[in-house]
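Every value quoted in this text rests on a predicted model; they were computed, and no experiment measured them. Every chain is numbered from 1, with letters handed out A, B, ... down the list of sequences.
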Amino acid sequence: MDIQEYIASGILEAYLAGELTAAEMREVDRVADNYNEVRIELDSLRESLIKYGDVESKAPDEKILEGALDAITEIEKQKFLNVLNDEPEIKIKRVNIVPVWTIAASILLFISLGFNYLFYAQFKSTKDQLASLESNQTSLANRVSDSNQQLQYAELRIAHLMSEDNIHIKMDGLDLAPEAFANVFWNKKSNSVFISVDNLPDPPHGHQYQLWAIKPGLAPIDAGIFDHSQLVQELKVIKGEVVAFAVTLEVEGGSPIATVDKTFVKGFLKKS
Amino acid sequence: MTSSIENKIGYLLAESNKEAIELVFIHYGSLLLNVINRVLRDDAMSEDVLQSVLLKIWQNGHNFDPAKGALFTWLVRVSKNAAIDKTRTKDYRLTQESKNGVEVVSIAESIAGDDDMESLYAKQLIAQLPEEQRMLINMSFFEGYTHKEICARLDMPLGTVKTKIRTAIKHLRTII
């Protein structure tokens with residue numbers, strides 16, 4: 001194809017003037033696609049004509065464009081409003097997605113709180129039981145300890161009772177406490193004196209029981225103060241001819257002179 | 001191979017961008033109005049149709065297929081169809097009847113309103129074109145006359161009209 005001849009034929013002007021049929025226009029397009037010269041010529045022609053139209057006030061009124069753009073804006077606005085009208089469905093979907101997590105988290109939280117309360121209650125109960133057991137254990141231990149002590153006292157008293165070296169004197173209650181009684185073991189070899197506090201009333205506050213050895217024609221001899229709570233105690237060493245032992249109530253710390261009218265129990269040695 | 005402005009408009013149309021319409025109006029508006037006026041022979045009505053064509057182009061931009069021809073070819077087809085559709089309306093028929101068969105020659109007189117210095121200079125340059133050449137350019141590209149109509153009006157053979165139009169444009173291009 002002779003391109004210059006093609007261009008010179010005036011077909012491109014006819015193309016831009018709208019003179020050609022649709023088929024003829026497509027043919028020009030095909031040639032322009034294949035021959036760059038034709039494309040350039042076509043563009044150049046069009047630009048020259050547009051410029052001429054602008055200068056000669058042949059260009060279409062700007063109001064035509066404004067009118068079209070207004071119409072487009074209106075259509076876009078309607079589309080936007082339609083989208084907004086459809087929005088609730090989307091919102092519902094979004095809301096549906098979020099609560100799935102919220103509900104699941106809430107359920108887990110409540111289950112967790114429930115288990116926490118349950119475990120805490122069990123823990124507290126177990127702790128109380130443990131404290132109670134510890135208390136029982138202490139109480140039991142104390143009782144065992146007491147029992148052990150009483151057993152030791154009992155064994156000691158039996159030992160004193162059984163010992164052939166001991167002289168056993170049973171002291172019976174007098175007028176102040178007729179139910180009271182106590183026992184004294186006096187070792188003949190060592191002259192040691194033991195008292196077994198069997199049944200004496202609790203001494204009033206600030207007072208204490210005191211054992212006395214009674215010899216003929218003499219004032220009672222101090223054989224020692226003793227602790228009312230201890231069953232068997234070793235007291236002082238007493239020598240000489242003793243006829244009787246007696247327990248008086250004295251002020252705390254004991255007294256050098258027996259308060260005879262406060263004698264609770266008294267027992268005489270058997271005459272051998 | 002297509003021109004860069006056609007490519008740009010093609011892309012913008014594909015994404016329904018309003019800028020495509022502005023570019024079509026700037027680069028093809030005159031030519032499309034001419035195509036429409038060739039059918040309707042009525043300036044005001046042609047302008048209305050051009051406005052509706054711009055809207056159609058924006059709405060149907062996704063139908064434009066560069067493989068089937070250039071953008072201008074598609075624009076011309078849409079414009080011609082819109083103009084032909086217009087001829088079938090009652091509005092068009094009433095207008096035609098009011099003209100009562102009288103041929104209306106609508107050569108718009110150029111009234112320089114807010115022209116700046118540059119366009120005044122360009123106007124002076126174009127004024128160098130002989131009156132006949134300006135008339136041929138106006139009739140063929142801006143006033144909707146077919147070549148045959150020009151032949152009849154100027155009483156010239158078709159070949160002469162085509163040659164004179166081509167000469168006029170060559171002259172125009174040497175000026176601007």
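With a 4.5 angstrom heavy-atom cutoff, I57(B) does not touch chain A via any of its atoms. Proximity to chain A (any heavy atom under 4.5 Å) is shown, for I21(B), by both the backbone and the side chain. Interface remark: K170(B) contributes no atoms to any contact with chain A (heavy atom separation under 4.5 Å). Both the backbone and the side chain of E62(A) have a heavy atom closer than 4.5 Å to some heavy atom of chain B. With a 4.5 angstrom heavy-atom cutoff, I11(A) does not touch chain B via any of its atoms. Neither the backbone nor the side chain of L42(A) comes within contact range of chain B; no heavy atom of the residue lies under 4.5 Å from a heavy atom of that chain.
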Criterion side-chain contact (heavy atoms from CB on, under 4.5 Å) on F142(B) and Y52(A), from CA distance to verdict
CA-CA 10 Å; F142(B) 299 98; Y52(A) 173 88; 3.4 Å; yes
Go through Q59(B) and I72(A) one step at a time and tell me if the side-chain contact (heavy atoms from CB on, under 4.5 Å) criterion holds.
CA-CA 9 Å; Q59(B) 286 176 317; I72(A) 289 168; over 6 Å; no
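Here E19(A) does not pair with K148(B) in a salt bridge; the nearest charged N to carboxylate O distance is not below 4.0 Å. A salt bridge is defined here as a Lys NZ or Arg NE, NH1 or NH2 lying under 4.0 Å from an Asp or Glu carboxylate O, and E47(B) with K63(A) fails to meet this definition. Under the 4.0 Å criterion applied to side-chain N and carboxylate O atoms, K162(B) and E13(A) are not assigned as salt-bridge partners.
Around CD of E5(A), the count of heavy atoms belonging to other residues, nucleotides or ligands within 6.0 Å does not exceed 12. Other residues, nucleotides and ligands place no more than 12 heavy atoms under 6.0 Å from the CD atom of Q137(A). Within a 6.0 Å radius of CG in D155(B), no more than 12 heavy atoms belonging to other residues, nucleotides or ligands are found. Other residues, nucleotides and ligands contribute more than 12 heavy atoms inside 6.0 Å of the CD atom of E24(A).
Minimum heavy-atom separation, P60(A) to L33(B): CB-CD2, 3.8 Å. The shortest non-hydrogen separation linking S44(A) to R173(B) is OG-NH2, 2.8 Å. A pairwise comparison of heavy atoms in R46(A) and I5(B) identifies NH2-CG2, 3.4 Å as the closest pair. Taking each heavy atom of V35(B) and G18(A) in turn, the nearest pair found is CG2-CA, 3.9 Å.
Remark: K51(A) NZ to L125(B) CG distance equals 9.0 Å, nearest 0.5 Å. Of the inter-residue distances, the one linking L16(A) atom CG with N34(B) atom CG reads 10.0 Å to the nearest 0.5 angstrom. Interatomic distance, CE of M25(A) versus NZ of K80(B), reported as 6.5 Å (0.5 Å rounding). To the nearest 0.5 Å, the span separating CG on D61(A) from CZ on F25(B) amounts to 7.0 Å.
In this structure, a donor-acceptor pair under 3.5 Å is absent between the side chains of T73(B) and R26(A).
In this structure, L69(A) and E22(B) have side chains that are in contact, with non-hydrogen atoms separated by less than 4.5 Å. Put simply, the side chain of K58(A) does not reach to within 4.5 Å of the side chain of I137(B), judged on heavy atoms. Taking the side chain as every heavy atom from C-beta outward, E56(A) and R134(B) approach each other to under 4.5 Å. You'll find the side chain of W58(B) reaches within 4.5 Å of the side chain of I75(A), heavy atoms only. T73(A) places a side-chain heavy atom less than 4.5 Å from the side chain of K18(B).
No other option in K68(B), H27(B), Q51(B), R77(B) has as many heavy-atom pairs under 4.5 Å with chain A as Q51(B). The candidate from G10(A), A22(A), A14(A), A68(A) with the greatest count of non-hydrogen atom pairs under 4.5 Å with chain B is A68(A). Per-residue heavy-atom pair counts under 4.5 Å with chain A were compared for D48(B), V24(B), I165(B), I126(B), and the maximum is reached by I126(B).
Side chain of R166(B) to backbone of L12(A): no donor-acceptor contact under 3.5 angstrom is found.
For F72(B) and Y15(A), the gap between ring centers is short of 6.0 Å.
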